[in-house]
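Numbered from 1 within each chain, the chains take letters A, B, ... in sequence-line order.
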Amino acid sequence: MPSRNNIFRQVDWFTIGLFLALVIFGWMNVLGASYNFDQTSAFDFAYRSGKQLVWIGTSLLLGMVILMLDWRVIDLSAYILYGIMLVLLLVTPLLAHDVKGSLSWIQFGPVSLQPAEFAKYTTALALAKYMGSYDFRMRSWRDLLVPFALMVVPMGIIMVLQKETGSALVFTAFLLMFYRQGMSGYVLLAGVAAVGLFILALKAGTIAALVTVAVVALVVIGWYLWQGWRDNRKWHPQKIFIVLGIAVLSAGYCAVCGYAFEHVLQPHQRVRIEVLLGMTDDPQGAGYNVAQSKIAIGSGGLIGKGFKQGTHTKMNFVPEQATDFIFCTVGEEWGFVGSSLLLIAYLALILRLIVIAERQKDMFSLIYGYCVAGIFLFHLTVNVGMVLGLMPVIGIPLPFLSYGGSSLWGFSILLFTLLRLDASRFEKMR
Amino acid sequence: MAIAIAVVLVFIIRLFYLQVVDDSARDRAESISLVKQTIYPPRGLIYDRHGELLVYNQPVYEVLLVVRDMTRDQPFDTLAFCRTLQIERSVFEQRMADITDRSKNRGYSRFRPQVFMTQLNASDIAPLQEALYKFPGVSVRKRTLRDYTYAAAAQVLGSIGEVNQRDIDNDNYYQSGDYSGRDGIERTYERELRGEKGVEILMRDNRGCIQGPFKNGEEDLLPLAGNNLTITLDIRLQMLAEELLQGKIGSVVAIEPQTGEVLTLASNPTWDPAVLIGRRRSKSYQQLLSDPTKPLMNRATQAQYSPGSTFKTLQSLVCLQEGGITEHTSYPCSGPGSTPIKCTHHHGSPVTLLNAIEQSCNPYYWQAYRDMLEKNGYGKNNAAFRARYQLWVDDVRSFGLGSRFADSDIADQSAGSIPTAALYDKIYGKTGWRAITIRSNSIGQGEVLVTPLQLCNLAATIANEGYYVTPHLIKSDSLLDNVHHTAVEQRYFPVVKQGMARVMTNGTGRWYQLPDSITSAGKTGTVQNHAGKDHAIFIGFAPVENPQIAVAVVVENAGFGATWAAPVASLMMEQYLTDTIRRKPLKEKIAGSVLNTQVRKLTGEGH
């Protein structure tokens, strides 16, 4: 039986290597993005590059500690952590100071932490614990009620009480895991259709969306009729009724979309969506971030301007260039080659996480693994998509690259917990 | 898995489009985050022929304001600021309104320095610089303007001023607010003097604040200083000419005959070139523009006069060359009773060429001109006469008269006028004019017009016996190659020179012989004109055997050439050849004579 002493023989060094490469590359870009002429040292803690070094060091320490833990501790503490986190999330808005309209930051002496960054972790653990238990079976939609609740409760608190939409949306990453665990693909399809219709209703108008719904419904019904005629006139009226029902629901949804857009969304969120959809063109206003970000990335060219040579990001034209828009700095200073390599590194990480998840022998670890992979994929997609102008501006960090302690700690804990579980996979088999 | 791969693939394609396919972003990024700041090169200095520094650079100061910084921490002390700069509060308010008005100041930004005042000299700016700490957002920037060692040669040297829109459109070297040579040498040799601007590339942040040099200044371009120029003027001679012209309207030109180098190009009234520097410029320029004596006209090159009797030197040469007279030909003169042109002098009769030059005998030149033109009779439809007239025109023009010196670097020349046959055809009809019709030409009146520069060049050509080097202002070997030979052969020159020498020994110039037995040659002229008294004119050169200086002098409405122009030329020769003036009383007398009470020299303080 492998003991704790040889954890270093069992742990997945490939993932740790990727992790180290990403945080070091991230640190270089934080330095590149915030470096200025007065700064004498890259290691001065008065500057972001110096602070990020501290975050990286403490993250490594956290990772080591997690690797030292007995895996059973993780399993046993899942619900406890989830409960503590819920309380913390509820308390946070009361203690938080307002940061750009968001009530998600708590000050601890010289550092600010964002509990929402850790809520992903506790939720993933709780989901894994619940869905990985021996008596959990995914037989009908009723079985999904509890997991959905586990997911939606922290999400709701973060979105409504803390006004932190970006961090809340990350929880939808768990849908990927649900899908892996047997949730119908139609749920994902419905999600995609809902987003599609939403865009259509806003861009082309409610009428056009309704017409589209009607046309799609007619085509599907026609398809069923033709199928029935082909199969010796065996009709399936219930199918047609289902389609009609969905069509009516969709139509209602379309009608609600316009109203929701105008009256439910915050004004800044409305503007972000409008700019993304090209409904308003305002490079000086709300579209400024994205316009400047695209200019910065585009100016990098094939091989980039070189380390610390990015003029656009460095001179603050891109807001949040060390945090949410760190990918701009990568694009400007390292060019197409560098940013593509970075994306491939992320792809390698995510694929590796899926491989790790798949090789787990117990459901708890497997589900947890998929949660982690889903979260990384979601962050990558939304963050890089935003910076490249393919997605609305949703302020979530790029894992391991963005400046900031909470997110780096959060991602490190997520990752090292999985590595800890993975290292004991043979042990758990017995 | 497939989702992750698809997402990354889409991103890479998007990156490829943004970074490799679409290359507009790089320029946009640079235009946003890089500021290219011009570093002005020092303009070339100007020296006279003896290496005397004439024009150099002086620092001037501009007051810049960053509007946001002015009131960020405390209210701006407008009153103290105005007092320090010695301006009215209303001036300050007007200027601020102009600066912040984007329709007048397109590049306005609250965060970037705006030009509040320009062209302040060191003493204007000193109080502000001491008190700068009291005025946040105010800074001082140094540029250079011209300054002058001597308050002389204003028209020749010219001045620099801000470029206008046309300059900017024609030459992309210039940007709004740049200076360039506006006239004189400064304009003619602008490309030599201006040098190459340097560029300092700075990075600015999103608020427009300069953060520091781009790539540690590796891509900066150092400015290249303008070339220094050595001009042909002798500044002492120039200053003497300007002194002698005081209180008079007129001009003095002196040329070194062998080289065509212009030693003096003086026009009066003139001004101290320092008055066209900096902030005084536009006010001074308005004063010069509205002055009734028209100082802005460079009379030495732009004023056109009848040459009067000085033209007889050229008439002698042309008539000898083309036949009609020889140096032994003599004509009768009946003094003031002569017809059709009377003589203004009393002398014996008949007269030969030498006497005619010495005594400036009008009847001689009328008869010689007539015989030259009528040598072949008139012919059918005056064809023979017209052919002779054309010969005369061509010969006269070969001395540089009737047109500008195209291969010269002297700015603002007038062409003068040598009347063509076509002109007389227009007035009198094709067969309606004969020698007697145009007799005034014979004595340099009538339709013949010359500039003082052309007159001096005529004197130089006679001194050289048949050729001239195009008069020019820059010391340069290539300009010495502009040699022009006259249509009159060398062999006809000595007798004319001898006649001109006799003018100075026995004739109208005899009162102004040079000291130390230095020989000189000359010819006076007294030119009738419509505006008051006659113009006094003189051309000459010295020494006769080995001419080193040719001079032409015109004093408008002064009277006899012998009285007012000859002494000026004589003093010029003395100064140039002996490096001093021993005839001090003569100099004092000429310099102190005020012939036109309107003449004023616009001068600057400190000179």
Side-chain angles (χ1 to χ4, degrees), chain A residues 36-38 176 179 188 288 291-306 309-319 327 330-332 335-337 339-340 342-351 353-355 358 373-374 376-378 380-381 384-385 387-390, chain B residues 1-37 66 68 102 106-113 199-220:
Chain A
N36 66 36
F37 301 98
D38 310 328
L176 210 66
Y179 176 61
L188 289 182
Y288 175 83
Q292 294 296 339
S293 144
K294 284 198 281 188
I295 289 174
I297 291 177
S299 71
L302 186 64
I303 55 166
K305 298 177 182 171
Q309 298 303 323
T311 52
H312 211 71
T313 48
K314 189 157 53 177
M315 293 293 113
N316 298 321
F317 287 98
V318 181
F327 193 73
V330 179
E332 190 182 10
F336 175 69
V337 174
S339 16
S340 297
L342 177 65
L343 288 176
I344 288 168
Y346 272 117
L347 182 61
L349 177 68
I350 290 164
L351 296 184
L353 291 178
I354 294 173
V355 167
E358 282 292 335
F376 279 105
L377 179 60
F378 186 89
L380 179 72
T381 309
V384 179
V387 173
L388 294 179
L390 297 170
Chain B
M1 262 191 179
I3 299 175
I5 295 171
V7 165
V8 168
L9 208 62
V10 166
F11 286 170
I12 290 181
I13 291 168
R14 173 71 169 174
L15 275 173
F16 188 76
Y17 171 74
L18 283 177
Q19 300 189 302
V20 182
V21 178
D22 183 4
D23 53 3
S24 65
R26 189 168 200 115
D27 297 340
R28 283 171 68 192
E30 290 194 348
S31 73
I32 292 170
S33 57
L34 298 185
V35 188
K36 294 188 175 170
Q37 229 166 41
V66 177
R68 184 198 53 164
R102 272 180 208 273
R106 270 191 298 169
Y108 174 67
S109 157
R110 288 197 310 133
F111 305 109
R112 280 200 292 277
V199 181
E200 187 179 19
I201 306 175
L202 300 170
M203 294 199 279
R204 73 169 166 225
D205 67 10
N206 57 330
R207 291 171 307 170
C209 298
I210 300 297
Q211 290 293 329
F214 176 60
K215 291 193 178 173
N216 296 318
E218 280 167 39
E219 303 204 348
D220 290 2

Pair count under 4.5 Å, heavy atoms only, with chain B: among A:Leu302, A:Leu388, A:Val384, highest is A:Leu388
task = Assess whether side chain to side chain contact (heavy atoms under 4.5 Å, CB included) is satisfied between B:Leu15 and A:Leu343, documenting all intermediate values.
result = CA-CA 10 Å; B:Leu15 275 173; A:Leu343 288 176; 3.6 Å; yes
Separation between CD1 (B:Ile12) and CZ (A:Phe336), nearest 0.5 Å, reads 6.5 Å
Open item on the list: Assess the residue pair B:Ile3 and A:Thr381 against the criterion (side chain to side chain contact (heavy atoms under 4.5 Å, CB included)); give the C-alpha distance rounded to whole Å, side-chain angles, the decisive distance to 0.1 Å, and a yes or no.
Closed with: CA-CA 10 Å; B:Ile3 299 175; A:Thr381 309; over 6 Å; no
Applying a strict 4.5 Å limit to non-hydrogen atoms, the region of A:Leu380 in contact with chain B is both
One should read off an interatomic distance between B:Arg14 CZ and A:Ile297 CD1, to the nearest 0.5 angstrom, of 9.0 Å
To the nearest 0.5 Å, atom CZ of A:Phe327 lies from atom CZ of B:Phe11 at 8.5 Å
Item checked: B:Ile5 atom CD1, over 12 foreign heavy atoms within 6.0 Å -> yes
**Request:** Check whether any side-chain N or O of B:Gln19 sits under 3.5 Å from a backbone N or O of A:Gly298 as a donor-acceptor pair, and report yes or no.
**Result:** no
Turns out that what part of A:Ile350 lies under 4.5 Å from chain B's heavy atoms comes down to side chain
Exercise for review: Evaluate the side chain to side chain contact (heavy atoms under 4.5 Å, CB included) criterion for residues A:Leu347 and B:Leu9: first the C-alpha distance (whole Å), next the side-chain angles of each, then the deciding distance (0.1 Å), finally the verdict.
Suggested key: CA-CA 10 Å; A:Leu347 182 61; B:Leu9 208 62; over 6 Å; no
